[in-house]
Structure formats: C-alpha cells, structure tokens
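The next block holds one structure in the form of structure tokens; read it before the comments.
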Amino acid sequence: MPEGHSIHRLARQFSDVFAGERLAVSSPQGRFHEGAALLDGRLLLRASAHGKQLFLDFEGGAVLRVHLGLYGAWEFGGDETFTGASSIGAPRRVGESEVAADGVARPGAAPPPPRGAVRVRLVSAHGWADLRGASTCTVETEAEAQAVRDRLGPDPLAGHAASAADSASGAEEFVRRLTRRRTPISRLLMDQEVVAGIGNVYRAELLFRARLAPALPGSAVPGEKALALWADAVDAMGQGVRDGRIITTHPALWPEGPARLPQPDHAHYVYRRQGQPCRICGTPVSLADEAGRKLYWCTACQRI
DNA sequence: ATACTATGTTAAT
DNA sequence: TTAACCTAGTATT
C-alpha cells in the first residue's frame with residue numbers, strides 16, 4: 001500500500017545497510033528460487049527508486065526489481081551494526097518494518113525462521129531483509145530495468161538522489177504530460193506515465209492543497225497551476241520521506257498543540273474523511289469511485 | 001472466528 | 001469494467 005515516498009525510504013535503507021555487502025539470497029517461499037539463485041553470493045552495488053519501483057543493482061549487471069503492489073512489505077533486522085545504519089525503526093510503517101509480526105524485536109544478525117510466505121530473503125554479515133506480498137519481483141538486465149524507468153513519468157522525489165537540473169526538467173516534463181490530455185486530472189495524477197510515485201492519498205491531498213476540482217481536464221490546467229502542483233508534490237512527498245508517513249495538513253490545524261507530528265486522524269485534509277466536515281470550510285467531504293479507487297474531495301474548496 | 005478494507009497494477013472480459 | 005493477486009490491520013459477529 002505504499003506510495004513513492006515509502007519506496008524512496010526503502011532505497012535509502014538498502015543503500016545504508018546493504019550496499020557494498022555480499023548477500024546470501026534465497027526464497028523461503030519457493031516462488032522465487034530461480035531469481036534468488038541468480039543473485040545469491042553477489043555484491044549489492046546500489047539501490048534506487050523511481051516512483052513505486054525499487055531497483056537493487058547487483059554486480060555482474062543483474063537488477064532485482066520489486067514493486068510492492070497493494071500488500072507488499074519489506075521487514076528488516078540485524079545486529080547493532082545493522083541497526084545503527086538503519087533508518088526505518090519501529091513502529092511499523094507502510095511497506096517497511098523493523099519489528100517481527102509477533103511484536104518482538106529480534107537483535108542479532110541471524111534472521112528468524114521465515115514467517116509466512118517470504119518471497120525473498122537477503123542476508124548480509126550484519127542483518128537481513130524479508131520481502132512478502134510483492135506484486136512484482138524479478139531479476140532483470142540493466143537494459144530491462146532501464147526500459148521500465150523509461151516508461152515512467154518524472155518522479156517528484158528524483159531530486160533526493162539526483163541533481164537540481166533533473167528536478168527542473170521533471171517539472172517541465174510533468175506539465176507536458178499533464179496538459180497534453182483531456183483526461184480528468186484526478187486520473188492523470190494516478191497515471192504513473194504522467195508522474196511516478198503518486199498514489200491515492202497524495203492524489204486526493206495534492207488536489208485539495210491546490211484547490212483543484214478532480215474533474216478538471218489536464219488540458220484545462222493552467223501551466224502555472226501545473227507547475228505549482230509539481231512543486232507541492234516535491235514538497236509534500238519529500239516530507240513523507242522524512243516522516244515515514246503521509247502528512248499533508250498544516251501544523252496550525254493540529255489540535256494537540258506543538259508536536260513534531262500530528263495524530264493519524266489529523267494528518268489529511270480529505271483522504272478517508274468522507275462525510276466529515278472539510279477542515280477549511282466545513283462542507284462534508286465527498287467520496288466517489290473512480291476506476292476502482294476511492295476519490296475524496298471538497299466540492300466547495302476545489303472549484304478551479 | 002469471520003469479514004472487510006487498503007497508500008496498486010495487470011490481465012482477462 | 002471486473003477479477004486476480006493473496007498480506008495484514010481493523011472492525012464485526
């Protein structure tokens with residue numbers, strides 16, 4: 001259930017704890033025996049993310065590409081060296097965890113017996129990572145992995161690992177791809193070929209923050225509005241990478257006073273708030289089904 | 001115990 | 001447009 005910010009956090013985690021390490025790769029569940037055998041014993045060179053796609057580059061030109069889909073998650077554990085380098089931490093966050101399902105932290109490098117269907121297990125000298133429930137998990141050549149990247153739209157979080165020039169070109173590319181089509185903007189934001197990494201929460205929240213009506217055709221979005229939307233995505237999703245949660249509301253709206261982060265029920269403007277009063281104008285938040293996903297918005301605030 | 005839901009995508013219809 | 005994927009947290013019985 002993760003959006004792009006979670007995958008970027010995972011890429012950073014793999015870079016921090018496994019890059020430069022030789023990894024034992026297995027598939028306790030069995031469904032990935034073939035791919036695991038290809039990677040077993042190789043050095044992990046680097047980890048990266050583009051939108052919701054995670055790429056682990058191994059020596060010899062083999063790339064493990066993972067998409068968590070709806071239920072996928074990575075779980076990590078290890079000794080003090082591992083924990084010291086790790087940036088995940090408990091409690092469990094969407095798509096990433098450092099605590100076993102029984103709630104007992106497991107110190108030490110030795111991985112626990114596989115719990116449930118572990119598609120892939122990576123083990124280094126200091127720690128381990130288990131993958132469950134992913135919709136995609138394949139070993140590819142660098143060219144195949146690049147072909148996947150090439151199909152995707154620009155990633156608002158690309159600036160995290162790349163140059164400012166890349167971010168600027170990402171903005172222009174986003175505006176081009178968004179305003180080229182008459183499809184409603186609510187659909188375009190979910191289209192990974194228009195912009196990579198936005199999911200159902202950021203879609204709803206970014207549209208609210210921009211005061212944009214979901215039904216507005218992409219072609220009718222003023223260029224300046226589209227640029228501002230991109231800039232807000234960079235900002236909001238960057239914050240998501242730091243927090244490990246999607247928090248889009250202004251801190252002034254948090255009732256619990258000065259706190260670094262709000263309670264979960266104050267983190268969003270409209271997502272999962274159907275029927276509840278809009279935090280800005282009080283109008284009940286609307287809910288509609290769009291292409292099998294739930295769309296939340298305020299009919300009064302989002303009029304442009 | 002059982003049902004329902006979810007921050008996603010693809011393939012079949 | 002719908003089903004499938006097949007995990008895990010939360011709500012309901």
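Computed from a prediction, not measured in an experiment: that's the story for all the values here. Naming convention: chains lettered A, B, ... in sequence-line order (proteins, then strands); numbering from 1 in each chain.
- Within the 4.5 Å cutoff, the side chain of A:L68 has heavy atoms near those of the A:L10 side chain.
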From CA spacing to verdict: ring-ring contact (aromatic ring centres under 6.0 Å, His included), A:F76, A:F14: CA-CA 10 Å; A:F76 299 91; A:F14 279 103; 5.3 Å; yes
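- Just one residue in the list A:R203, A:R151, A:R181 forms a salt bridge (charged side-chain N to carboxylate O under 4.0 Å, His left out) with A:D191, and that residue is A:R181.
- Rounded to whole Å, the distance from CZ on A:F32 to C1' on C:dC5 is 17 Å.
- As rounded to whole Å, 6 Å separates atom C1' of B:dA6 from atom CG of A:L70.
- In this structure, A:R293 does not pair ionically with A:E290, as no charged nitrogen and carboxylate oxygen lie closer than 4.0 Å.
- Going from atom OH of A:Y71 over to atom C1' of B:dT5 covers 10 Å, rounded to whole Å.
- Using a 4.5 Å heavy-atom threshold, the side chains of A:W230 and A:V195 count as touching.
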Give every pair of a protein N or O atom and an N or O atom of nucleotides 9-11 of chain B that lie under 3.5 Å apart, one pair per line with the distance.
residue: B:dT9; atom: OP1; partner: A:H67; partner atom: NE2; Å: 3.3
residue: B:dT9; atom: OP2; partner: A:K52; partner atom: NZ; Å: 3.1

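- With P as the reference atom, C:dA8 and B:dT10 are 23 Å apart, rounded to whole Å.
- Contacts of residues 263-274 of chain A with DNA chain B (heavy atom under 4.0 Å): A:Y271, A:R272.
- Residues A:L39 and A:A62 come closest through the heavy atom pair CD2-CB, 3.8 Å.
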task: Apply the test salt bridge (charged side-chain N to carboxylate O under 4.0 Å, His left out) to residues A:E75 and A:R132: give CA-CA distance (whole Å), side-chain angles for both, the deciding distance (0.1 Å), then the verdict.
output: CA-CA 8 Å; A:E75 182 182 20; A:R132 294 184 188 80; 3.1 Å; yes
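- Of all nucleotides listed (C:dC5, C:dA8, C:dT7), C:dT7 comes nearest to the side chain of A:A117.
- In this structure, of B:dG8, C:dT7, B:dA6, it is B:dA6 that holds the atom nearest to the side chain of A:K294.
- The distance between atom CZ of A:R119 and atom C1' of C:dA8, rounded to the nearest whole Å, is 16 Å.
- As rounded to whole Å, 17 Å separates atom C1' of C:dT2 from atom CD of A:E290.
- Per the geometry, CG belonging to A:L131 stands 18 Å off P belonging to C:dC5, to the nearest Å.
- Residues A:Q302 and A:P214 meet the side-chain proximity criterion, which asks for heavy atoms closer than 4.5 Å.
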If you look only at distance, which donor and acceptor atoms sit under 3.5 Å apart when one is on a side chain in residues 273-284 of chain A and the other is two or more places apart or in another chain?
residue: A:R273; atom: NH1; partner: A:Y269; partner atom: O; Å: 2.9
residue: A:R273; atom: NH1; partner: A:P277; partner atom: O; Å: 3.1
residue: A:R273; atom: NH2; partner: A:P277; partner atom: O; Å: 2.9
residue: A:R279; atom: NE; partner: A:H268; partner atom: O; Å: 2.7
residue: A:R279; atom: NH2; partner: A:D265; partner atom: O; Å: 2.8
residue: A:R279; atom: NH2; partner: A:H268; partner atom: O; Å: 3.0

